There are 2 protein chains.
Amino acid sequence: MIDNAILKNVAKHISLDQDETAYFLSILKQKKYPKKSNILKEGEICHTINFVQSGTLRAFYRDTEGKESTIMFAISDWWITDMSCFISQQPAMLNIETIEESTIFHLQKEDLDELYIKIPKFERFFRVIMQNAYIREQLRVIQNLSLSAEQRYHIFLNKYPQVAQQVTQKQIASYLGITPEFLSMIRSNKNK
Amino acid sequence: MIDNAILKNVAKHISLDQDETAYFLSILKQKKYPKKSNILKEGEICHTINFVQSGTLRAFYRDTEGKESTIMFAISDWWITDMSCFISQQPAMLNIETIEESTIFHLQKEDLDELYIKIPKFERFFRVIMQNAYIREQLRVIQNLSLSAEQRYHIFLNKYPQVAQQVTQKQIASYLGITPEFLSMIRSNKNK
DNA sequence: GCAATTTCTTAAACTACATTATTTTTTTAG
DNA sequence: CTAAAAAAATAATGTAGTTTAAGAAATTGC
């Protein structure tokens, strides 16, 4: 089955029988994107929650002066969307783009709402996904408040080594909340 | 019924019949705490998720040099815990204390795990709670990365006006990730 | 109700990080 | 394969926020 990765991901938290599996697969839309594709642009309505089958994605906020802040990177086996705007169906704050050629499973808002009703186990599944996402973001808040840029950089390298090799330093800097120039300085200090 | 607030809170997202309501209430432990009580200390196992019936609480991280970072405030109708440590049952990173006399409903980890099985609707309830918590924390990350301390302060005042009046400026500063001295400066500039 | 403690303010000196500018290196497109 | 564009490095100058210190105001504990 080509859908292996997403079924394994779901199986981490709930188990589905054959019919449930078939139904779940039936509402997913698999799509392949070249490098630098836009999955979501700010201002658009965010229709889908997205599972990364393969590739690398980046979600970022662009402020009024054009400065970008990277909110998250997503690699294989991660879910990514602009959750706030997906849930409220208000215009997106975030942009989501592929950093490399990527294969994505899309799950539409209406299909997810129906999925919760037809297969309530998915409430559990997404409860765990949301819980983990909350814990991750809260840890990031703690680190942003209490650590220096250099400490945050080393934590990032340890936590997401594969991501660190696939993205530019400019993008890492925008994830850490510093300028590329300052990241460059941190890196050159370190190598001494 | 004295438990009104928590039942109303649950009713925002799911509806319970009489038996379900009775069972849910039976696993809650209501407790009243004076001002400045410790609900959770770093290093302890976090046994409960907590609903604030009345009062004000603060969750904060204390780093190795003793510097505090306020992670969240909770007032009436909010849920608060060290989610990471509650879920994993590892020693807590956070401290949680009452800022005022507060009445709390405690829900034990084992009781919650059983509640999910006995009344699966609660998966939906906490899915929504976690989803909202995730969205809130992500917004905070965006704001910490892209806004100045002064902008964050004004957003805080607008978003949590009741909290702003109940807590000290030192605590607000530690929520914003700045020193009390700098907050004082921001405030005196503003009043011109 | 008063002494002790904590909080808040102000201000000068300092630092982590930003900005601007220039050069070098790497990546991309055709 | 080459030209153009983007990313990265280096360095000088600038600034948002910190540190330290000291006095004034508010809160707390007995």
Side-chain angles (χ1 to χ4, degrees), chain A residues 33-38 56 58 60 62-70 73 95 97-101 141 143-157 163-192, chain B residues 33-38 56 58 60 62-70 73 97-101 143-157 163-192:
Chain A
Y33 293 90
K35 204 177 214 184
K36 291 193 181 168
S37 309
N38 289 105
T56 308
R58 181 173 80 105
F60 62 97
R62 193 187 283 114
D63 75 11
T64 41
E65 277 110 43
K67 199 189 99 192
E68 292 183 3
S69 299
T70 295
F73 296 105
N95 302 275
E97 61 179 31
T98 58
I99 284 177
E100 303 184 324
E101 178 178 279
V141 168
Q143 291 173 349
N144 284 348
L145 293 181
S146 64
L147 301 179
S148 69
E150 182 163 5
Q151 290 172 308
R152 271 142 50 211
Y153 174 58
H154 293 130
I155 290 173
F156 176 78
L157 287 185
V163 174
Q165 285 173 327
Q166 282 165 26
V167 306
T168 63
Q169 282 169 223
K170 198 182 163 188
Q171 291 168 339
I172 294 175
S174 92
Y175 179 88
L176 298 174
I178 60 176
T179 57
E181 291 83 355
F182 190 60
L183 177 56
S184 181
M185 215 197 78
I186 289 173
R187 284 164 49 84
S188 67
N189 288 342
K190 202 229 170 150
N191 296 333
K192 279 170 193 165
Chain B
Y33 294 90
K35 205 177 213 185
K36 291 193 180 170
S37 310
N38 288 105
T56 308
R58 180 172 81 105
F60 61 96
R62 193 187 283 116
D63 76 10
T64 42
E65 277 110 42
K67 199 189 98 192
E68 293 184 3
S69 299
T70 295
F73 296 106
E97 62 179 31
T98 58
I99 284 178
E100 303 184 323
E101 178 177 280
Q143 291 173 348
N144 285 347
L145 293 180
S146 64
L147 301 179
S148 69
E150 182 162 6
Q151 290 173 307
R152 270 144 47 211
Y153 175 58
H154 293 129
I155 289 172
F156 176 78
L157 288 185
V163 175
Q165 285 173 328
Q166 284 166 24
V167 307
T168 63
Q169 283 168 221
K170 196 182 165 188
Q171 290 168 340
I172 295 176
S174 92
Y175 179 88
L176 297 174
I178 60 177
T179 57
E181 292 83 355
F182 189 59
L183 177 56
S184 181
M185 216 197 79
I186 288 173
R187 284 164 48 84
S188 67
N189 287 341
K190 203 231 170 146
N191 295 333
K192 280 173 192 164

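Every chain is numbered from 1, with letters handed out A, B, ... down the list of sequences. On a predicted model such as this, the values are computed, not experimentally measured, just so you know.
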Starting at atom CD of Gln171(A), determine the distance to atom P of dA6(D), rounded to an integer number of angstrom. 14 Å

Could you tell me the separation between the CG atom of Leu145(B) and the C1' atom of dA16(D), rounded to a whole number of Å? 16 Å

Base versus backbone protein contacts along nucleotides 9-27 of chain C [heavy-atom cut-off under 4.0 Å; B, S, -]: BB------BSBB-------

Can you measure Asn144(A) atom CG to dG17(D) atom P for me and round it to whole angstrom units? 14 Å

Can you name the closest pair of heavy atoms from Phe73(B) and Ile172(B) and give their distance? CZ-N, 4.5 Å

Can you check the Gln151(B) CD to dG17(D) P distance for me, whole Å? 9 Å

Rounded to whole angstrom units, what separation is found between the CD atom of Glu100(A) and the C1' atom of dT28(C)? 15 Å

Qualifying side chain to side chain donor-acceptor pair (under 3.5 Å) pairs, either residue in residues 174-185 of chain B, two or more places apart: Thr70(B)-Ser174(B)

Here the pair of heavy atoms bringing Thr98(A) nearest to Glu100(A) is CB-O, 3.2 Å

Separation of Gln166(B) atom CD from dT7(C) atom P, in whole Å? 17 Å

Of all heavy-atom pairs linking Pro180(B) and Lys170(B), the shortest is CG-CG, 3.9 Å

Taking atom C1' of dA9(D) as reference, at what distance in whole Å does atom NZ of Lys170(A) sit? 15 Å

Where do Leu145(A) and Gly177(B) come nearest, in terms of heavy atoms and distance? CD2-CA, 3.6 Å

Arg152(B) to Ile178(B) - nearest heavy-atom pair and separation: NH2-CG2, 4.3 Å

Integer-rounded Å distance: dT6(C) C1' and Ile99(B) CD1: 15 Å

